[in-house]
Amino acid sequence: MSVATVGYVSYKESVAKAFDAIDASARLAKESAILIKPNLVNADPHPVTTPAACCEAIIEYVSRCSRAEIIIAEGTGDASRETDAIFELLGYNKLASRLGISLVDLNAEPLRKLENRHCPMFPEMYLPEIAFNHFIISAPVLKAHSLANITGTLKNMMGFAPPKYY
């Protein structure tokens with residue numbers, strides 16, 4: 001695993017610098033399907049959620065080095081709004097339309113059941129099938145959280161866990 005730290009100038013410039021620093025283009029060139037997973041926990045703007053401009057910079061970078069199908073996927077945890085509404089409110093529908101990519105509601109995707117009887121907390125885990133056939137790029141928001149000092153990419157994966165089960 002590679003790690004890069006770059007200063008923020010703009011999403012377009014900083015995302016490209018970070019990806020170049022870890023030689024992401026070589027890996028992305030090998031992929032046929034890429035899923036960008038922002039943090040769209042609710043309809044609040046940045047810094048609570050990932051700005052559409054950040055995902056746009058990721059899409060532009062990926063498109064320069066790969067012919068992969070690119071999608072943006074999220075399963076919001078907002079109790080009062082569905083994922084499609086969050087996409088609309090935060091500008092993701094306009095982005096998807098302009099760039100010709102699909103938006104996917106992870107809460108509505110077909111699921112795969114995984115089992116590990118030795119796991120005391122979640123001996124069964126349901127995850128969207130799409131997670132198993134796409135290269136995943138997590139685009140979290142680095143922020144404080146009530147349950148931890150910071151949140152990042154691991155917590156961002158909570159959007160893959162369908163609320164029906166968790």
Side-chain angles (χ1 to χ4, degrees), residues 1-8 11 14-28 30-31 33-59 61-62 66 68 70-79 81-83 86-87 90 92 95 101 103-166:
M1 178 172 70
S2 299
V3 176
T5 303
V6 299
Y8 178 80
Y11 288 114
S14 299
V15 164
K17 280 184 180 179
F19 280 172
D20 284 344
I22 63 169
D23 196 25
S25 62
R27 174 60 192 257
L28 295 170
K30 299 175 187 176
E31 300 301 329
I34 296 174
L35 182 158
I36 299 170
K37 167 64 179 71
N39 180 342
L40 304 179
V41 66
N42 60 36
D44 291 342
H46 182 70
V48 175
T49 56
T50 305
C54 178
C55 287
E56 181 172 4
I58 295 169
I59 293 164
Y61 184 91
V62 170
S66 174
I70 302 169
I71 64 170
I72 295 175
E74 174 63 297
T76 188
D78 192 313
R81 290 190 174 98
E82 296 296 323
T83 305
I86 303 294
F87 281 143
L90 295 177
Y92 280 82
L95 171 67
I101 63 161
L103 300 175
V104 174
D105 180 355
L106 294 172
N107 292 339
E109 283 294 292
L111 301 174
R112 180 187 293 186
K113 179 181 176 182
L114 304 169
E115 296 183 67
N116 180 346
R117 295 291 168 211
H118 301 291
C119 184
M121 182 63 79
F122 293 110
E124 296 179 345
M125 184 67 127
Y126 292 87
L127 294 171
E129 189 67 39
I130 199 168
F132 297 93
N133 55 31
H134 281 70
F135 181 84
I136 299 169
I137 298 175
S138 181
V141 176
L142 185 62
K143 61 185 176 183
H145 191 275
S146 61
L147 299 176
N149 291 334
I150 65 161
T151 68
T153 199
L154 184 57
K155 186 210 169 268
N156 193 38
M157 295 299 103
M158 291 301 295
F160 278 103
K164 176 179 177 181
Y165 295 97
Y166 306 101

Query raised in the report: What closest approach, in Å, do V48 and V141 show between heavy atoms, and which atom pair accounts for it?
Result: O-CG2, 4.0 Å
**Report entry** Atom pair OG/CZ of S25 and R27 - distance to nearest 0.5 Å
**Finding:** 12.5 Å
Report task. Go through the structure and list residues passing side-chain contact (heavy atoms from CB on, under 4.5 Å) with N133, not counting sequence neighbours. Result -> I130
Query - Gap separating the OG atom of S66 from the CZ atom of F135, nearest 0.5 angstrom - result: 9.5 Å
Report summary line: Residues at least two apart in sequence or cross-chain that pass side-chain contact (heavy atoms from CB on, under 4.5 Å) with A108, listed by chain then number, are D105
**Report entry** Partners meeting salt bridge (charged side-chain N to carboxylate O under 4.0 Å, His left out) with E109 (sequence neighbours left out)
**Finding:** none
Query - T153: side chain to side chain donor-acceptor pair (under 3.5 Å) partners, not counting sequence neighbours - result: S138
Query raised in the report: Under the side-chain contact (heavy atoms from CB on, under 4.5 Å) criterion, do D78 and V41 qualify, and how do the steps go?
Result: CA-CA 6 Å; D78 192 313; V41 66; over 6 Å; no
**Report entry** Side-chain heavy-atom pair E124, R117 within 4.5 angstrom cut-off
**Finding:** yes
Query raised in the report: K113 and L111: side-chain contact (heavy atoms from CB on, under 4.5 Å), yes or no, with the steps?
Result: CA-CA 6 Å; K113 179 181 176 182; L111 301 174; over 6 Å; no
Query raised in the report: Would a 4.5 Å heavy-atom cut-off, applied to side chains only, mark L106 and T83 as touching?
Result: no
Query - Atom pair CG/CG of L28 and D23 - distance to nearest 0.5 Å - result: 9.5 Å
Query raised in the report: Any side-chain heavy-atom pair from I72 and P38 closer than 4.5 angstrom?
Result: yes
Requested in this report: Without swapping roles, check the side chain of N156 against the backbone of M158 for a donor-acceptor pair under 3.5 Å.
Outcome: no
Report summary line: One should read off an interatomic distance between T76 OG1 and I86 CD1, to the nearest 0.5 angstrom, of 4.5 Å
Requested in this report: Only counting residues at least two apart or in another chain, list the ones meeting side-chain contact (heavy atoms from CB on, under 4.5 Å) with V6.
Outcome: S14, K17, A18
Query - From D44 atom CG to T49 atom OG1, the distance as rounded to the nearest 0.5 Å - result: 7.0 Å
**Report entry** Non-hydrogen side-chain atoms of I101 and Y92 separated by less than 4.5 Å
**Finding:** no
Query - Results of side-chain contact (heavy atoms from CB on, under 4.5 Å) for A57 - residues two or more places apart only - result: Y11, V15
Query raised in the report: How long is the span from the NE2 atom in H134 to the CD1 atom in I136, to the nearest 0.5 Å?
Result: 9.0 Å
**Report entry** Closest contact, heavy atoms only, A139 versus C55
**Finding:** CB-SG, 4.5 Å
Report task. Decide yes or no for F87 and V104: does some side-chain heavy atom of the first lie under 4.5 Å from some side-chain heavy atom of the second? Result -> no
Requested in this report: List the steps, then state whether side-chain contact (heavy atoms from CB on, under 4.5 Å) holds for I34 with I137.
Outcome: CA-CA 7 Å; I34 296 174; I137 298 175; 3.7 Å; yes
Query - Listed partners of R81 passing side chain to side chain donor-acceptor pair (under 3.5 Å), at least two apart - result: none
Query raised in the report: Any side-chain heavy atom of K37 within less than 4.5 Å of one from E74?
Result: yes
Query raised in the report: Between I71 and L103, is any pair of side-chain heavy atoms under 4.5 Å apart?
Result: no
Table please: side-chain donor-acceptor pairs of residues 159-166 below 3.5 Å, with sequence neighbours left out.
from : atom 1 : to   : atom 2 : distance (Å)
Y166 : OH     : Y126 : N      : 2.6

**Report entry** Residue list, side chain to side chain donor-acceptor pair (under 3.5 Å) with E129, at least two apart or on another chain
**Finding:** R112
Query raised in the report: Listed by chain and number, what are the side chain to side chain donor-acceptor pair (under 3.5 Å) partners of D20, not counting sequence neighbours?
Result: Y61
Query - Student check: side-chain heavy atoms of I59 and I36 closer than 4.5 Å - result: yes
